[in-house]
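Data block below; observations after.
A quick note: this is a predicted structure, and the numbers were derived from the prediction, not measured. Atoms considered below: every heavy atom in the structure, side chains included; atoms not considered: hydrogens, waters and symmetry mates. Residue numbers count from 1 along this sequence.
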Amino acid sequence: LQETASSLKRSEDKVNYALLRLQIAGKEIENADSDDNRVEAIHDFNRLRKEAEAARRDLTIHREAAGMRIKSWDRTERLYPIPPKCSLDATRAPEALQPKRPTLKDALQQYIRDSKLAK
């Protein structure tokens with residue numbers, strides 16, 4: 001069990017590291033001093049975005065393999081949001097959309113539905 005937890009933590013660290021690199025790449029787009037540098041920064045941003053998506057996908061698969069199957073994809077997308085692809089004419093990187101937090105009532109109803117599905 002401890003080995004599984006450590007392994008999941010390493011997968012989560014990979015996602016967090018990829019998201020940090022993506023955030024830094026977004027700042028480089030804003031700070032670019034020429035169009036050529038900005039376009040290069042945008043290409044880097046979009047490449048790092050794909051890496052972040054892959055790391056998040058791997059974490060989701062890892063969570064499912066560890067037995068966390070209920071809404072695993074939804075949870076990882078909510079916990080680790082990734083911004084959309086940056087267009088080549090952008091002057092700043094797009095931001096990840098934060099999903100609406102459910103109310104306590106909505107969360108309890110979802111928990112009850114998930115519990116019934118697991119049975």
Next on the checklist: Counting only heavy atoms not in Glu95 (residues, nucleotides, ligands), do more than 12 fall under 6.0 Å from its CD?
Outcome noted: no
Checklist entry - Around Arg92, counting heavy atoms of other residues, nucleotides and ligands shown, do more than 12 lie under 6.0 Å from its CZ? => result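 It does not: Arg92 CZ has 12 such atoms or fewer within range.
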Next on the checklist: Let me confirm one number: the CG-CZ distance from Asn31 to Arg38, rounded to the nearest 0.5 Å.
Outcome noted: 13.0 Å
Checklist entry - According to a 4.5 Å side-chain heavy-atom criterion applied to Ile, Leu, Val, Met, Phe, Trp and Tyr, with indirect links allowed, do Leu22 and Leu79 form part of one hydrophobic cluster? => result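 Result: yes, single cluster for both.
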What donor-acceptor contacts under 3.5 angstrom involve side-chain atoms of residues 82-90, with partners at least two apart or in another chain?
from: Ser87; atom 1: OG; to: Asp89; atom 2: OD1; distance (Å): 2.7

Item to check | Pair Asn46-Ile42, side-chain contact (heavy atoms from CB on, under 4.5 Å): steps then yes or no | outcome: CA-CA 6 Å; Asn46 289 334; Ile42 289 171; 3.8 Å; yes
Shortest non-hydrogen separation from [X] to [Y] and the atoms involved:
| X | Y | result |
| --- | --- | --- |
| Ala93 | Gly26 | CB-CA, 3.5 Å |
| Pro81 | Leu19 | O-CD2, 3.7 Å |
| Val15 | Ala55 | CG2-O, 3.3 Å |

Checklist outcome for this item: Applied to residues 10-26, the salt bridge (Lys or Arg N to Asp or Glu O under 4.0 Å) test, sequence neighbours excluded, yields Lys9-Glu12, Lys9-Asp13, Arg21-Glu51
Next on the checklist: If the condition is side-chain hydrogen bond (donor to acceptor under 3.5 Å, both in side chains), which residues does Glu53 pass it with, not counting sequence neighbours?
Outcome noted: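 Counting only residues at least two positions away or on another chain, Glu53 forms a side-chain hydrogen bond (donor to acceptor under 3.5 Å, both in side chains) with Arg49.
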By side chain to side chain contact (heavy atoms under 4.5 Å, CB included), which residues pair with [X], not counting sequence neighbours?
| X | value |
| --- | --- |
| Ala54 | Arg57 |
| Thr76 | Arg56, Leu59, Thr60, Arg63, Tyr80 |
| Glu28 | Ile24, Ala41 |

Next on the checklist: With side-chain contact (heavy atoms from CB on, under 4.5 Å) as the criterion, how do Thr91 and Glu30 come out once you've worked through the C-alpha distance, each side chain's angles and the decisive distance to 0.1 Å?
Outcome noted: CA-CA 6 Å; Thr91 57; Glu30 293 176 24; over 6 Å; no
